[in-house]
Amino acid sequence: MQNLLHNLNPEQLAAVTLPAQNALILAGAGSGKTRVLTTRIAWLIQTQQVSPAGILAVTFTNKAAKEMLARLSAMLPINTRGMWIGTFHGLCNRLLRAHYRDAGLPQTFQILDSADQLSAIKRLLKSLNVDDEKYPPRNLMYFINNAKEEGLRAHEVEAYDDFNRRFVELYQAYDDQCQREGVVDFAELLLRCYELLSRNQPLREHYQGRFRHILVDEFQDTNNLQYKWLKLLAGDHNAVFAVGDDDQSIYAFRGANVGNMSAFEREFRVQNLIKLEQNYRSHGHILDSANTLIANNRNRLGKNLRTDAGHGEQVRVYEATSDLQEAQWIIEESKSLISEGWSRSEIAILYRSNAQSRVIEHALFTAGIPYRVYGGQRFFERAEIKHAIAYLQLMDNPHNDSAFLRVVNFPARGIGARSLEQLQDAARQHGLSLYAAVPHVAGKAGTSLGAFVKLVEAMRFETQNLPLQEMVKVMLEMSGLIPHYQTEKEGADRIENLEQLVSAAMLFVSEEGFGIDTPAFLGPKTQAVAGAPLLVSEDGTEVLDADAPLPAVMSPLSAFLSHASLEAGDNQAQAGQDALQLMTVHSAKGLEFEAVFITGLEEGLFPHENSAKEEGGLEEERRLMYVAITRARKRLYLSFSQTRMLHGQTRYNMKSRFFDELPEESLKWLSPKVQQHNWFGSPRKSAWDDAPESGANTIAQSFARKDLGWRIGESVSHQRFGEGVIVNIEGSGANCRAQINFGKHGMKLLDLNVAKLERVG
DNA sequence: CGACGACCCGTTTTT
DNA sequence: CGGGTCGTCG
């Protein structure tokens, strides 16, 4: 125990050793949040306040769950298998698998990822002859997911007008389709589980009685349904230990509700609120910048990070003339960091939106510096993998129409649109799945469709007693996927990926205990079963507690398919090599680097222009900036550019308002703030007017002399609107007007003969 | 049935 | 500008 607790600071120690009551831990960036969470669990177990089976720890990402498990295994000598540590979705999946009957699901229900969900919706709209111009599939998807995340079924959603009523009807139709096909989307996983526990009292009481300690990571990211789910499981007697940081709430756009933190404090009658404000990551100037910036937000729970690390270096600020030149500067700066001995993987280049990476990538590529971009396509999202998964899905549950349609004619077997139309008609007529409707189709179409059904049956029969990885191998051959890609000239990469799928299956079997004879499987898991009470299902049959070994609850194939949907796999293409790290600010959350570049700090980009329209949008952008700043340990660079190529045209942006919210004494302006003169003799606040970059040339060309001596790209000041940049000038003489970007005051069209503008510089 | 061209649109993302 | 989708040809 001494070991566990030593080296904790007083606040951390207080949090770890709190009594078994609800608690809210406000954990600032770099304050040792994960450490507190895992040490808390270890301490509870080691002091025998709870058995491993009494722990429920919830995270948002698989990565976080894995890390927690890994740290725990290092801390505790015991087997961690009895503990429930996972994502909201993973845990709900597990509960639904164990209690599929009570949840009203088929045993082999399958999980739709977002892409699957969207195509299911498109298919629905088509089958109902709905105009997808008027009801865009994407909007319907948002509508459905939002409703589900509020815990609302179609019949509970208020239809306030005809348009909205149609959405509600389509929501109902979508749920019916999913039920018919035996599939659930991500939000459904949570909602179905919530409904299961709220309707089924014995089940609810069983799990409430079991999970005496519920621990939640990244609490600020919970949505309303997750909050309700936690409240339900907590009941009146369990202790919820919620860890989060309201200042790092950056996912409101996908349903996260920061308000859950104060709601939690109130509704769970939190007596124990502990702030972790000691930062172990960043040097002083960096931390001061973060603190000063975030102090501009209202509605905070309130927190100020401190460090013992000393001031360190100032934050370096750079003004570029063009996005190209900004990229070049980043490369030069990185090069000198690297030559000073900084490791490439400890340097991160962050941007607000993915589109910004292009220029930087290009410059890095030209300079021959290895880099890695996060956020691309993930393993299980690749087309060939999706095809293979569809075959596996059909083998497990042939009524999955999405899977059926994906591969019924891939590789091509002469089943065209007209055959499928006949089949879909027959299915609708008889209320059957496509698979089941095949016998109702006559003629040539019926024959080829029948052959496909026979193929699926054969794959199922041939593989029924094989280990998972063999099953995948056989499927790849019998389905014709491998032969197909062998004849394709660009198929080599795809075959390689398909082979990786076999490896993934093998790895899954060994890690998840689906290797039937492994000692890990027979050991602690059987004990768990013996100790777990049998539960009586609503239909009177006995079912196992959901911590029965997974093979007792679902087949290896079902489990692997869940895994493929819930954990789409890594999205890092070129792993291994020491490379610069490129990513959006969002994906940088939770990571840290020695040196960080925050790029494109311009009005309209960061803060993003769309954020102005949203309620609380600017505050979320500011939190995003806060997250970005707090990623850096020792060195932080901030950069912006006067011009930027976006959507095929040059934009003239003002520097981000966030610069005005940073402490001046912590900043060091690299590009001198001196007035210089360009070719036209007009001043422009910049040190780079002679930069021979193409971006600068674009400006030069657009500097064709307009009337009254004003120029595109020039910085001006207006009595009411403050500082702005001239974006365009139209007309001439008495009719000369300028379009000016006044940043937070927006774009204005001003008559240059009337407006009182002053040059800035 | 596949290839190619017109056209549209453009934050952030995990499960 | 560039990626993705849709529709029309061969």
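Letters go in sequence order (proteins before strands), and every chain restarts at 1.
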Starting from the 5' end of DNA chain B, give me the residue, Gly648(A) or Ala417(A), whose nearest nucleotide shows up first.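 With Gly648(A) and Ala417(A) compared, the 5'-side residue is Ala417(A).
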
Looking across every strand, which nucleic acid part, if any, lies under 4.0 Å from [X] by heavy atom: base, sugar-phosphate, or nothing?
| X | value |
| --- | --- |
| Asp221(A) | nothing |
| Ile415(A) | sugar-phosphate |
| Asn409(A) | sugar-phosphate |

When the distance from [atom1] of [X] to [atom2] of [N] is rounded to whole Å, what number comes out?
| X | N | atom1 | atom2 | result |
| --- | --- | --- | --- | --- |
| His563(A) | dT15(B) | NE2 | C1' | 13 Å |
| Gln220(A) | dT14(B) | CD | P | 15 Å |
| Ile111(A) | dT14(B) | CD1 | P | 17 Å |
| His89(A) | dT15(B) | NE2 | C1' | 4 Å |
| Leu646(A) | dC9(B) | CG | C1' | 12 Å |
| Arg413(A) | dC1(B) | CZ | P | 11 Å |

Within this structure, what is the SG-CD distance for the pair Cys92(A) and Gln226(A), rounded to the nearest 0.5 Å?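 Output value for this atom pair is 8.5 Å.
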
Asn297(A) and Tyr626(A): side chain donor to acceptor below 3.5 Å: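 Judged by distance alone, the side chains do not pair up.
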
With no hydrogens and no angle check, just 3.5 Å: does a side-chain donor-acceptor pair link Asp396(A) and Thr108(A)?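 No - no donor-acceptor pair under 3.5 Å links their side chains.
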
Given side chains that start at C-beta, do those of Ser419(A) and Val441(A) come closer than 4.5 Å, heavy atoms only?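 They are not in contact (no side-chain heavy atoms under 4.5 Å apart), so the answer is no.
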
Residue that, paired with His586(A), satisfies ring-ring contact (aromatic ring centres under 6.0 Å, His included) out of Phe606(A), Phe253(A), Tyr351(A), Tyr374(A):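 With His586(A) as partner, Phe606(A), Phe253(A), Tyr351(A), Tyr374(A) yield a single ring-ring contact (aromatic ring centres under 6.0 Å, His included), made by Phe253(A).
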
Determine whether the aromatic ring centres of Phe109(A) and Tyr100(A) lie less than 6.0 Å apart.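 Between Phe109(A) and Tyr100(A), the centre distance exceeds or equals 6.0 Å.
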
Looking at Tyr171(A), is Arg153(A) sitting on its ring face, NZ or CZ under 6.0 Å from the six-membered ring centre and within 45 degrees of the normal?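 Cation-pi check for Arg153(A) and Tyr171(A): fails.
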
Restricting both atoms to N or O, compile the protein contacts to nucleotides 11-13 of chain B shorter than 3.5 Å, with distance only.
residue, atom, partner, partner atom, Å
dT11(B), O4', His608(A), NE2, 3.2
dT11(B), O2, Arg352(A), NH1, 3.0
dT11(B), O2, Arg352(A), NH2, 2.3
dT11(B), O4, Glu614(A), OE2, 2.4
dT12(B), OP1, Asn354(A), N, 2.7
dT12(B), OP1, Asn354(A), ND2, 3.1
dT12(B), O4', Arg352(A), NH1, 3.1
dT12(B), O2, Arg352(A), NH2, 3.2
dT13(B), OP1, Thr584(A), OG1, 2.7
dT13(B), OP2, Asn354(A), ND2, 3.3

Pairing of [X] and [Y] as salt bridge, 4.0 angstrom limit:
| X | Y | value |
| --- | --- | --- |
| Lys148(A) | Asp185(A) | yes |
| Glu67(A) | Lys63(A) | no |
| Arg123(A) | Glu181(A) | yes |
| Arg623(A) | Glu620(A) | yes |
| Lys589(A) | Asp221(A) | yes |

By side-chain hydrogen bond (donor to acceptor under 3.5 Å, both in side chains), which residues pair with Arg300(A), not counting sequence neighbours?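 In terms of side-chain hydrogen bond (donor to acceptor under 3.5 Å, both in side chains), with neighbours along the sequence ignored, Arg300(A) is linked to Asp247(A).
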
What's the gap between dG4(C) and dT13(B) when it is taken at their P atoms, as a whole Å value?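 It comes out at 15 Å once rounded to the nearest Å.
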
If I pick the C1' atom on dT11(B) and the same atom on dC6(C), what distance separates them, to the nearest angstrom?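 My reading of the C1' atoms in dC6(C) and dT11(B) gives 25 Å.
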
For a 4.0 angstrom threshold against heavy atoms of chain A, report the outermost contacting nucleotides of DNA chain C in 5' to 3' order.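 So the outermost contacting nucleotides come out as dC1(C) to dG3(C).
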
Proximity to DNA chain B (any heavy atom under 4.0 Å), residues of residues 119-138 of chain A only: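 Per residue number, the list is empty: none.
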
Suppose we call a contact any N or O donor and acceptor under 3.5 Å apart; does that hold for the side chain of Ser114(A) and the base of dT15(B)?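 Present.
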
For residues 403-416 of chain A, pull every pair meeting salt bridge (Lys or Arg N to Asp or Glu O under 4.0 Å), keeping only residues two or more places apart or in separate chains.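 Matches after skipping sequence neighbours: none remain.
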
N/O contacts under 3.5 Å, protein versus nucleotides 3-8 of chain B?
none

